[in-house]
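All values below come from the heavy atoms of this structure, side chains included, with hydrogens, waters and symmetry mates left out.
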2 protein chains.
Amino acid sequence: MHSKENRYSTFNNLAVQKQTLILQAAIAEFSAHGYARASCNRIVQAASISKGSLFQYFGSKEGLYSFICGRFIRKVKDAVKDTASADLSFFALIRGVLLAGTTFIDRYPEYFQIYLKIMFEQDVPGRAEFLTQVRLFSADYFGKVCETAIADGLLRSDISVEMILFSLDGALDKFFLSYAGEGMGGLNLAGLDEKELTQKINELVRVLESGLKH
Amino acid sequence: MHSKENRYSTFNNLAVQKQTLILQAAIAEFSAHGYARASCNRIVQAASISKGSLFQYFGSKEGLYSFICGRFIRKVKDAVKDTASADLSFFALIRGVLLAGTTFIDRYPEYFQIYLKIMFEQDVPGRAEFLTQVRLFSADYFGKVCETAIADGLLRSDISVEMILFSLDGALDKFFLSYAGEGMGGLNLAGLDEKELTQKINELVRVLESGLKH
DNA sequence: GCATATTGTGACCAAGTGGTCATAGTATAA
DNA sequence: TTATACTATGACCACTTGGTCACAATATGC
């Protein structure tokens, strides 16, 4: 085996210290500027490596990006695994997802920024695959949960499953956006302690449960 | 008065035909690429004018953008004026806003794209001013409506006004996004006739009214 | 016709982009 | 020490960006 074993092998054989330095620089750049406007020049400068090295490690800007997205997906899947305890009532599950999302954002704020950027940027390489892997409320996963909840009489049967997913998706998206300080809604979720946060979560879930009408 | 009377005067004195040609080219470019990634070169090419002319008319890329945003704001305000009949019940008003939004998107799809792009792009010149002028559910306008609706016993009093606005905002945003074909939710609102559309609107408002719980 | 404003033009500029490659440096092994 | 494999480098490339400006063309007024 004289030549490259596989993609990224050169990078993976680097000292871990150097690896994390480079990844931190790249993640910071992508989280600040998204894919298209991120600059490889700035990355190599921040990481104190030469441009040639970066392209040797990852082949292209796209290669670097997909490497980082891969890391991101792994982190999300781990977080989901930790959260998913199936034996909860429907709205308790929603509360759990809400809380788990906020802790993820606290732990990996740059990754969440990358996620936001990819959500609202077109023509990002691998966008579709990435989103289907990362989004929680995909029809195939949460759709089943909704169906059983309807069958169990926990959810209204006069609303279509798609509309239920639609409503949940919208509420959760906006909640996380606001928690990350990106929303322009009046709700200021950015600097709340745990108690206030769970209060807000409960209030939102109450709205989802029983609506706004008196 | 020998020199320039004021900003954009040269452009405004152009033949209307030429004006619309240039504006169409610029709007198409900004709606496709947002602000930062839009290319003045492509605009002048599409409009069949020289680069010098474009910068003579608008001074800079930013000037052109703010000119277009001004047009957009006027169109939105006109549309709002046409819609705002105050003597409606609260949720009928919501239904009206939903419907008015979809007709606006039908009439000015490129402008709506520009709106979306500016929503999710940072560092766009004049972003904050633009959004406060265009967003319907600003706390100062719709907040009052909510407060009176609470006072009239139409809305729950155990949910804060901010949370009500938050929920409405999230639902409407997602609805319009999906209608414009940008959402990745299961709801496919893109190619619906009027009957189906009002059905979806009613379903969504029912959820907002009474929630998801059985 | 002539002089004077105004409008139109495109070569040109500095700066930045992703990407390449010949070369130099540094390990490891014989 | 010497040969071999891998890694690091930065000048360089073609290309795009927003923006400028000396000059050409065209209206306008007399």
Side-chain angles (χ1 to χ4, degrees), chain A residues 1-23 25-26 29-30 32-68 117 121 123-126, chain B residues 1-23 25-26 29-30 32-68 117 121 123-126:
Chain A
M1 231 27 102
H2 300 303
S3 57
K4 291 288 152 53
E5 298 131 35
N6 46 35
R7 221 181 170 194
Y8 307 133
S9 72
T10 309
F11 176 78
N12 284 321
N13 288 335
L14 253 45
V16 221
Q17 211 175 351
K18 195 170 183 180
Q19 285 187 31
T20 55
L21 184 68
I22 294 169
L23 283 184
E29 180 70 17
F30 283 123
H33 303 288
Y35 176 75
R37 299 181 61 200
S39 160
C40 294
N41 292 335
R42 282 194 295 255
I43 292 174
V44 301
Q45 197 175 358
S48 305
I49 60 170
S50 73
K51 211 169 175 179
S53 291
L54 187 75
F55 282 85
Q56 191 162 30
Y57 299 153
F58 301 103
S60 65
K61 185 184 183 181
E62 188 176 328
L64 170 59
Y65 192 67
S66 105
F67 183 89
I68 287 175
K117 291 284 190 328
E121 207 176 331
D123 59 11
V124 179
Chain B
M1 232 27 101
H2 299 304
S3 58
K4 292 287 150 55
E5 299 130 34
N6 46 34
R7 220 181 171 193
Y8 306 134
S9 71
T10 310
F11 177 77
N12 284 322
N13 289 335
L14 253 45
V16 222
Q17 212 174 349
K18 195 170 183 179
Q19 285 186 32
T20 54
L21 184 68
I22 294 170
L23 283 184
E29 180 70 17
F30 283 122
H33 303 289
Y35 175 74
R37 298 182 63 198
S39 160
C40 295
N41 292 336
R42 284 194 294 254
I43 292 174
V44 300
Q45 195 176 357
S48 303
I49 59 172
S50 73
K51 209 165 173 182
S53 292
L54 187 75
F55 281 86
Q56 192 160 30
Y57 300 152
F58 302 103
S60 65
K61 185 184 184 181
E62 187 176 331
L64 169 58
Y65 192 67
S66 105
F67 183 89
I68 288 175
K117 290 285 190 327
E121 208 177 331
D123 60 10
V124 179

Answer yes or no: is there a side-chain heavy-atom contact under 4.5 Å between C40(A) and L54(A)?
-> yes
Atom pair distance, as rounded to whole Å: CZ in F11(A) and C1' in dA8(D) | 15 Å
d(CD, Q45(B); C1', dC15(D)) in whole Å = 15 Å
Would you mind reading off the distance between N13(B) atom CG and dT28(D) atom C1', rounded to a whole angstrom?
-> 14 Å
Output yes when at least one side-chain N/O atom of Y57(B) is less than 4.0 Å from OP1 or OP2 of dT7(C), else no.
-> no
Value in whole Å for how far the P atom of dG18(C) lies from CG of L54(A) | 10 Å
Taking E29(B) for the side chain and I43(B) for the main chain, is one N or O donor matched with an acceptor at less than 3.5 Å?
-> no
Is any side-chain N or O of S53(B) closer than 4.0 Å to OP1 or OP2 of dT9(C)?
-> yes
How is A38(A) classified with respect to the nucleic acid when contacts are heavy atoms under 4.0 Å: base, sugar-phosphate, or nothing?
-> sugar-phosphate
Kindly say if K18(B) contacts the phosphate of dG8(C), meaning a side-chain N or O under 4.0 Å from OP1 or OP2.
-> yes
Note: for R42(A) and L14(B) on DNA chain C, the residue whose nearest nucleotide lies more 5' is L14(B)
Does the cation-pi check pass for K61(A) over Y35(A), that is, NZ or CZ under 6.0 Å from the six-membered ring centre and within 45° of its axis?
-> yes
Round to a whole Å and report the spacing from NZ of K61(B) to P of dT17(D).
-> 9 Å
Whole-Å distance between dT20(C) C1' and F58(A) CZ?
-> 18 Å
Once you round it to whole Å, what is the distance between C1' of dT17(D) and CD1 of I43(B)?
-> 12 Å
Under 4.0 angstrom between N41(B) side-chain N/O and dT17(D) OP1 or OP2 | yes
OP1 or OP2 of dA8(D) sitting under 4.0 Å from any side-chain N/O of S50(A)?
-> no
Distance, nearest 0.5 Å, that separates OH of Y57(A) from NZ of K18(A) = 4.0 Å
Any donor and acceptor pair, going by atom type alone, linking the side chain of E62(B) with main-chain N or O of P125(B) inside 3.5 Å?
-> no
Would you mind reading off the distance between Q56(A) atom CD and dC6(D) atom C1', rounded to a whole angstrom?
-> 8 Å
Does K51(B) have a side-chain nitrogen or oxygen under 4.0 Å from the phosphate oxygens OP1 or OP2 of dG10(C)?
-> no
